[in-house]
Every structure is written in structure tokens, then in C-alpha cells.
Amino acid sequence: MENTTPRRPHLYLVDGSAYIFRAYHRLPPLTNPAGTPVGAVFGYTTMLWKLAEDLHKADGPTHLAVILDKSGKSFRNDIFPAYKANRPPAPEDLVPQFPLIRDATRAFSLPLIEEAGLEADDMIASYARAAQAQGWDVTIVSSDKDLMQLVGDGPDGSRVDMLDTMKNQRIFLPEVAEKFGVAPELVGDVLALMGDAVDNVPGIRGIGPKTATKLIQEHGNLDNALAAAATMKPSKLRENLIEHADMARLSRVLVALKEDCTLPLPLDAFELGAIPPQPLAAFLGEHGFTSLLKRLDGGRGSPERATQLHPPKAVTAGNTPATGAARQDTAAMPAVDLAAYECVQSLEALDRWIERGFAARLVAFDTETSALDAIGADLVGISLSVGPNQSCYIPLGHRGSDMFAEKPDQIDRDEALHRLKPLLESDAVMKVGQNIKYDLNVMARFDITVSPIDDTMVISFDMDAGRSEEGIGGGHGMDELAQRHLGHTCIAFKDVCGTGKKQISFAEVPLERATHYAAEDADVTWRLHRLLKPRLSAEGASRIYERVDRPLVPVVAQMERYGIKVDRERLAGLSQQFAEAIAALEGEIHALAGNPFTIGSPKQLGEILFDQMGLKGGKKGKSGQYSTDQSVLEKLEAEGVPIARKVLEWRQLAKLRSTYTEALQAAISPVTGRVHTSYSLVGAQTGRLSSTEPNLQNIPIRTEIGRQIRDCFVAEPGNVLMAADYSQIELRLAAHMADVPALKEAFASGADIHAATAQELFGEVNRETRGRAKTINFAILYGISRWGLAPRLGVTSEEAQAMIDTYFARFPGIQRYIHETLSTVREKGYSETLFGRKCWFPRINSKNQAERQGSERAAINAPIQGTCADIIKRAMARMQPALAKAGLPHVRMLLQVHDELVFELPESDVEAAKAVIRAVMEEAAGPSVAISVPLGVEIGVGASWGAAH
DNA sequence: GCATTCACG
DNA sequence: GACGTACGTGAATGCA
């Protein structure tokens, strides 16, 4: 189909030199068949390909040219000899790639501009202005901040913008304003003040980006700012401004772009046509860029055709925008090739991989163990990956498939770990894992502290929490991520080890099969990291990842390793006691029913109560079964039905026994004698942690009988447990976020918040009004409805509605918060916490009312619950360093229960630790976020967790 | 494998 | 006019 409407010409100017440096540092060190390094060239080639693919898009190029820096000095060196003088020489494996960049450009048959004595920036500026003068749109493909001076709209509606292909981000006025705080015309003034270390532009000493922006904002431009120095109050800043004013003026000239260079080729020469396939195919073949070569063949001639075969996915809110772009990226990676993986069985081979790891500066890393328990399982092997298909498996603890099989050939485990340790601990090498907390704990047993780390699971969570579509899962497990982002189906664990009774340990898997599985995991992790990491900043998730979740990974890992001591004998005693009571109740219940039945079967119980005994109030759900839950039984009890009370008691004891007193004994690690939970960093969509195997976040406390279980969590001799709780944190955050004056005042004055609410709502405070106020306060946090509130207060829905109305009237702000939150979520598809954590609500605009309203209630709650999670996570990340600084290295943080932290510490440290813990927790939102109500923390100490409350 | 129930914040 | 009704979790149980 021909598009007959003439388009405004759109010129793309590719800043080739800048791209190469960035690509070199971000891409793996590939080599071509001749052994020449081509990592940066590959990145460059892929970028050109993608730009060519965009030809028919509305904002794609009609004209395109590549601008390269010609080596040598520019006119700026005549003005300032030291300009760019402190640049280190290009890395030696980058140097041979420079000429190949020219080759790549010619292979695409694209015009190439390089002029001696001028820098690429000047040439780009001159071409941009020339094009703009003709009414063309211009996109500068670069992220160089100097070029941001050019961004803006022309008088005739044409525009100049920038495209950062690494982040897949357009740069226009808002982005410039975000970076510099000023309009593009003033960017040069800001740069002149702050200078540029990379280009050796001097600027003014002591002035960085923040101060430079502030000065220009305040005084309007550089000259005014320099002139105003004389009238400033005495300070180091004033001195510097006066003393180095000349340096600033010189810098201003250096950062100015020369916009009137002679143009070596006319603009019309840059018109983009179909790309001749032949020279391109030859180039791709020569350098082994087979994935692109295949697409060239598949598209029968040119990247332009390839695009038509694979139309990019439309991007809308609530959709998964990056998926389309990600799919295109993956095409640049070779397909997963199991045959490419190496099984490392000699120390020489291991050393080669360790060397490759250091050279790559980024290694995907995965451990295989004999069971799914990082604290107790044995290490069976380690896999590493330094690039697509560049992956190996190092078997260390395989046993052979049965007692008669020969033990496979493996290098000595301890020697291998000894050699791997420097790589895994090197600050210069990023270790990437999928749920790397697990691997951190495995390696900790061998005294290896893996650092620094990235986690693809957490990265995915921080961008995509809650983001699931029909037919597309929203999880963050590796198999799911591989499927979603790479279109790749991983070897299933059950295909390697089987399931159920026939399941074998990974230690028994033959090496070839184990290598395929394990090396693939590392390979896929590497690929996922390559795709997902750049999306973090592009999608505004860097802050939450870098500042909250990533620092938390080693902290939570340490908590899991500590575990907590439980008193086995005491648990066993309780279990016995409960068992006897259950047996007695069982007899009574059967007697009351008239015949024995399975009390634990809600189906049978419902039939006994409502059919056999003929009680009223039986309501069947959609499964056609009577509901027999607590509220139903309590209602019956109030009506004087004795069996209801007995069943409630039976249920409570059965629950406590099976879920707690029995399960906790079974959870005691034979290795450490303690209970080690596993926290999930991606368990709750709101950003909360979750706890499994066993869940230590739902240990009973609300009833006296359940409380006894908390008393079974104890400290080691000479130590105590300390529990530190945020008091009413969610309500405090709601008061702050919704800006409710009455609630804020109540918190500031330390009042009983539910009593204060009762006073406002009912005019008097007594047990009943306070209880109702408490219920309503919670209802607010959860997204209130008259129908939900009414049964909880035992009133009609009309009465409930009246109370909600009074609440909104007495606490102005709440209704506005709800309204504003919902409209942003409807528009953007996600909610955000005070720290920028996103939570997606793909069903917020659903036509199904129940589904939509459910999303609405969750969306009202998510920013509050999520901000609370962010705050305690920040406290957790700061806790150990703060304790160490205070000389309290023996205080160990063991548990987190959403708004509570549990510590174990020597008795002698109690008072000092209290002060540190309280300070860290109360100040955890700052300095980046100021909460307008105090965050209260209550601390208790005791020999057991129960006693510490 | 799903529904029900109930433990926690 | 019916729907299911508070937010977020995980574990145990019974049953198809």
C-alpha cells in the first residue's frame, strides 16, 4: 500500500561516535570469525537496522545521515588547549572497531559525514538548523547532553528532538527540563557553570549540576548570574563565581555548538530509500551477525521488508508496552543453542571462564542444589554466562544416577570455589541472577559474599508488578519471563528431575542434561538482564529498584540465614494439649449433630447444619455449597445454636495445631536447629514481602490461645527478642497522602486515633463508638463501600452510607485522594507510592463491574500499603550499618512482619539497640520523602516473641 | 487442581 | 437486574 499523503520530511542525524562508546560499555565483548572484537559494531549495526525499520512509522526517518568524529583536534583546542585533554585513550579492543563503524554505515548504503577540525556535535547542529530552516522535523540519535541545546519547536511547527536508542527514549522539552531545569536555550549557560569532566570543560570550581541549574533559574542567564555574584552574601560560592568568572565565559564558548558549518552534502542527499541487500548481506556475513543476516533473508532483501513481516505491537496504557520493543531486541540475539554450552570439567577450563567473566564485567550466575532450600541443601553445580549462548555449567557435586553408576568427572568443589570467589566478590564484575537471594544464601555457606548484584526477577517486579493480560501471565519467574520477553521455552525442571515419587535430585542428573538445563538458566538470565535492565530507567522504575529493592536483597538473605529459634518441647506440649481438646470437641459435635461426620469438611458441615438440623440462614455460594465460615457460625451461635460454638472452637484448635504447632516443629532445620523462612521479594503486588515455608508473617497473636504459639519463639541463652512495630503506620500515611488536617493533628498530638475518630464521627467516645470508628478507619484504607461496611458494623447499608458521608465531611481530603488516585490509575494503568513504586491495574477499566470495582478498591489501597512497604524496606536496608556504626554488631534482625521487625540481641545491648532501631525506623522515609505526621515506633523486649509485645 | 477456611498485617 | 462486597498474603484441608 502506498501512502499518498506527502509527509513532512524528517531527518535523523545519528551521532555515531558517541554511540560506539556507549555500546562498547554496555554490550558483551563479541568477536567476529576473524577474531576481531565487534561488540560495539554489532550494537551499532542493530541500531541502524532498527532505525531503518522505522521508515514507515509516523515519526520515523525520511532522511538519515551518520555523523562521525574525525580524529584530530578541533577549533576548540585553539581556544583552550586542554579541551578534551584528559580523555583516556580508547580501550584497545575498541580501537579496531572504529573503521568497522564506517564499514557498517556503508553496508547500509547510508551517507556518512566526517569533517576534520569540527566535532560531530557541530556538524549535527548545523545540519539540524539547516533542516529546521526548511521546515523539516529533526531527530538527533544521541543522548549527549550538549546536543540538548538544539531541542525545541520551530516557528512553523517543525521540531527537533532526540532519541536515546539505548533507553528507547525520546528526549524533548520535558526531558531537557528534567535534566537541566531550564529551557534548551539556557542549557549552554548551565553547562558553562558546571563544566564537564569528560571533555575537560572547566566550568566553575565547586559548582555542580544542582547549583548551576539553580543559579541560571534564579538569574535568567549566565551573564546575570556572574554579575549578581558581587551582591551575594559572602560564601565560598560567591568567591568562586567572582574568581572564576572568566573560566565560565570560556566554558560558555566551548559548549556552544557551531551551527553554521559548511555542509559537505546537501540535505536532499540524505533521502532514505530501500536499502540494497547485497553490501549489507556481505557485511553481516563477514562479521558473523547471523541473526540479522537471517532476518535479511527472511525479509527478502531489506530491513524495511522485515518490518512489514513483523509489525510492532501497539502500545497503550494497561498493555505491556515494552514487549514489542523487547521482541525486536531479542531478534538481535542469537537463538538459544544448547549445543553451545560448555561443561567445565578441568581447572584450566574454569580459569578461562573466570577470565571471561572479569573481561565481560557482567556475569549471569546460577547455582544448582540438591533441594529447594538454600540453607540446608547441598551445592551441586554453578552455571555462568557472559553473553548469548556463552554459557557454561560447572558440576561440583554430582553423584551419578545410581550407586552402580560411575561418579562423573568433576573438578574439586573447594578448589573451584576458591578460584571463583574473587570473581563473585569483585566490585568490578556485576553478578546477575534470577532470584539471586537464593544463590547468595547458597554461596554464603562457603564464605563467599556475592557482590555487586542485579536480580532479573526483582527488576521485572519493579516494572511490571500486577501487569498481566488475558492469556499472558504476570509472574516474574524465569520460565515465564523467558516466554514473555524472549519467546523462549526453557527446559522444565520436571523434565530434568521428574515429579512426585520418581523425582530425583539434581545431583543425579547426567552431566550433559544438567549442562543443558543449568547453562540455559544462566544464558536466559543474561539475556533477560540485557533486555530488562535498560527498561528500568526508561520506565521510571530505577529509583525503587536501586534505592529500595536491590539494597534489600542481601539484607533479606541474611535474615533468612539467621532464622529464629523455636522451643520444640513447648510446641509439642501445646500440640498435645490441642489434640486432646480437639478429640473432646469432636465427640460433643457428633453428639449434637446426632451422627459422626467430617467436621473439617465445610460441605458435610453445611449439610448437617442446614439440611439435617434444619437451621435457618443457610446461603449457598456459586459452587452450590452452604457457607459455614466464621461469620455464619457466629450468627448461629448468637441465635443460641450450641453446635456452632463447638465447631468454631474445633476449627480454631485444628487450625492452630496443623498450621502452627505441628508444622513449626517440622520446619526446624536439622543443620542449624532454627526455623528459616523464605521471603519472597515479589510476592505481593503492592511491594510487601511475603513469607513461605514456613510463613512466619501469620503467627497467631489476636487470641489468647493462639498467642501461646508466639511464646514458643525464643532467644538464645543470654539473649532477648525485641519487637519494633510501626504504630498505625497505614493510617498515618493515609493522613499524609490524603492531606487530612484533623487526622494529622491527632497523630501529631499523640492522641488515640480511633477515639479521636469516634469523637469526630459520633460526638462521644465509648467502647462502642471507638470500635466502630476503628472499623471505619480500616475500611477507608481498603476502599470503602456501604455494602462491605454494613455487615461489619451490624447496621444497614443506608446507615453505613451515612457514616461514610460523615467521615468524608469530617475528614476532607479522603474523598479527593480516592478520586485522584482512581483517575490517575484509569489513565496511566498503574498507581504509585511516595517512592515511585508502580502497581499495575489492567482491569481498572473493565466492563465487568465486579472486576472493575475490585480493581478500584485495590488501587485505593496500593499506594498506602506500598508506601508502608517501601518505608520498612528502607529501614531494613539501613539497619545493619546503623547498628554496626553504633558498636552493636551482635544485634541480629530476624523477621519482618509488614510493619514490625524482630531482633535477637544480647541482653546487655537492649537499651543502646532500642535507640538505634527506633531512630532508623522513624527516619526511614527521609531524606528523600518528608512525611507530615510522625512515624511512631513501639518497642518491646522479652525472652520470647510473645513476651516482646 | 480448586474451593473453602482462617492465621497475620 | 444481578453481581459480591474491604486491601494484601500463605497453608491446610477436603474433594472432584
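To find a chain, count down the sequence lines: A is the first, B the second, and so on, and within it residues start at 1.
Using a 4.0 Å heavy-atom distance criterion, Ser690(A) is classed as a sugar-phosphate-only contact. Within the nucleic acid shown, Glu693(A) comes within 4.0 Å of sugar-phosphate atoms alone, with no base atom in reach, counting heavy atoms only. At a threshold of 4.0 angstrom between heavy atoms, the contacts of Asn695(A) are confined to the sugar-phosphate backbone, with no base atom among them. Using a 4.0 Å heavy-atom criterion, one finds that Thr775(A) contacts the bases of the nucleic acid, with or without backbone contacts as well. Here Ser691(A) lies in heavy-atom contact (under 4.0 Å) with sugar-phosphate atoms only. Residue contacts shown for Ile780(A) are absent, as no nucleic acid heavy atom lies under 4.0 Å away. Among the protein residues, Ile699(A) comes within range of the sugar-phosphate backbone only, with heavy atoms under 4.0 Å from sugar or phosphate atoms but none that close to a base. Residue contacts for Arg651(A): at a heavy-atom cut-off of 4.0 Å it reaches the sugar-phosphate backbone alone, with no base atom in range.
Checking dA7(B) for Watson-Crick or G-U wobble geometry (two distances, each under 3.5 Å) identifies dT9(C) as its partner. Both distances falling under 3.5 Å, in either a Watson-Crick or a G-U wobble arrangement, occur for no nucleotide opposite dC3(C).
The CD atom of Glu649(A) sits 14 Å away from the P atom of dC6(B) (whole-angstrom rounding). Distance Tyr626(A) OH to dC15(C) P: 16 Å, rounded to the nearest Å. The nearest whole Å value for the distance from the CG atom in Leu895(A) to the P atom in dA7(B) is 20 Å. Spacing between atom OH of Tyr660(A) and atom P of dT13(C) amounts to 13 Å, rounded to whole angstrom units. Regarding Tyr782(A), its OH atom lies at a distance of 17 Å from the P atom of dT5(C), rounded to whole Å. Counting to the nearest Å, the C1' atom of dC3(C) and the NZ atom of Lys847(A) are 18 Å from each other. The CG-C1' distance, from Leu653(A) to dA12(C), rounds to 15 Å in whole Å. When rounded to the nearest whole Å, the span between CD1 of Ile860(A) and C1' of dT5(C) equals 13 Å.
Of the side-chain N and O atoms in Gln697(A), none sit less than 4.0 angstrom from OP1 or OP2 of dG8(C). In this model, the phosphate group of dC8(B) is not approached by any side-chain N or O of Arg688(A) to a distance below 4.0 Å at OP1 or OP2. Under 4.0 angstrom from either OP1 or OP2 of dT5(B) there lies at least one side-chain N or O belonging to Thr628(A). Checking the phosphate oxygens (OP1, OP2) of dC15(C), a side-chain nitrogen or oxygen of Ser601(A) falls inside 4.0 Å. The phosphate of dA6(C) (OP1 or OP2) has no side-chain N or O of Arg857(A) nearer than 4.0 angstrom. Side-chain nitrogen and oxygen atoms of Thr598(A) include none within less than 4.0 Å of the OP1 or OP2 phosphate oxygen of dG14(C).
Between dC8(B) and dA6(C), the two C1' atoms lie 16 Å apart (nearest whole Å). Remark: the separation of the C1' atoms in dC3(C) and dA7(B) is 29 Å, to the nearest Å. Between the P atoms of dG4(C) and dA3(B), the separation comes to 13 Å (whole Å).
The main-chain N or O of Ile699(A) is found under 3.5 Å from a side-chain atom of Arg710(A) such that the two form a donor-acceptor pair.
Comparing dA11(C), dG9(B), dA7(B) against the side chain of Thr659(A) picks out dA11(C) as the nearest. Closest to the side chain of Arg792(A), out of dC6(B), dC15(C), dA6(C), is dA6(C). Side-chain proximity of Gln849(A) to the nucleotides dG9(B), dC3(C), dC15(C) is greatest for dC3(C). Residue Asp629(A) has its side chain nearest to dT5(B) when only dT9(C), dT5(B), dA6(C) are considered. In the set dT5(C), dA7(B), dG9(B), dG9(B) carries the atom at the smallest distance from any side-chain atom of Gln865(A). Among the nucleotides dT9(C), dA12(C), dA7(B), the one closest to any side-chain atom of Ala663(A) is dA12(C). Looking at the side chain of Ala779(A), the nearest of the listed nucleotides dG8(C), dA6(C), dT4(B) is dA6(C). The side chain of His898(A) sits closest to dG9(B) out of dC6(B), dG9(B), dC15(C). Distance from the side chain of Lys655(A) is smallest to dG10(C) among dC15(C), dG10(C), dC8(B). Comparing dG8(C), dA16(C), dG4(C) by their nearest atom to the side chain of Lys603(A) picks out dA16(C).
Ion pair Lys838(A)/Glu832(A) not flagged as a salt bridge, since none of the NZ, NE, NH1 or NH2 atoms sits closer than 4.0 Å to an Asp/Glu carboxylate oxygen.
Side-chain atoms of Glu730(A) stay outside donor-acceptor range of the base of dG9(B), with no qualifying N/O pair under 3.5 Å.
Atoms CD1 and CG, on Ile544(A) and Asp462(A) in that order, are 6.5 Å from each other to the nearest 0.5 Å. Rounded to the nearest 0.5 angstrom, Glu560(A) CD and Ser678(A) OG are separated by 4.5 Å.
Tested against Leu552(A) for a side-chain contact (heavy atoms from CB on, under 4.5 Å), the candidates Lys873(A), Met559(A), Lys437(A) yield a single pass: Lys873(A).
Nearest heavy atoms, Val795(A) versus Arg772(A): CG1-NH2, 3.6 Å.
With contacts defined as side-chain heavy-atom distances shorter than 4.5 Å, the pair His676(A)/Asn441(A) does not qualify.
Around CD of Glu693(A), the count of heavy atoms belonging to other residues, nucleotides or ligands within 6.0 Å does not exceed 12.
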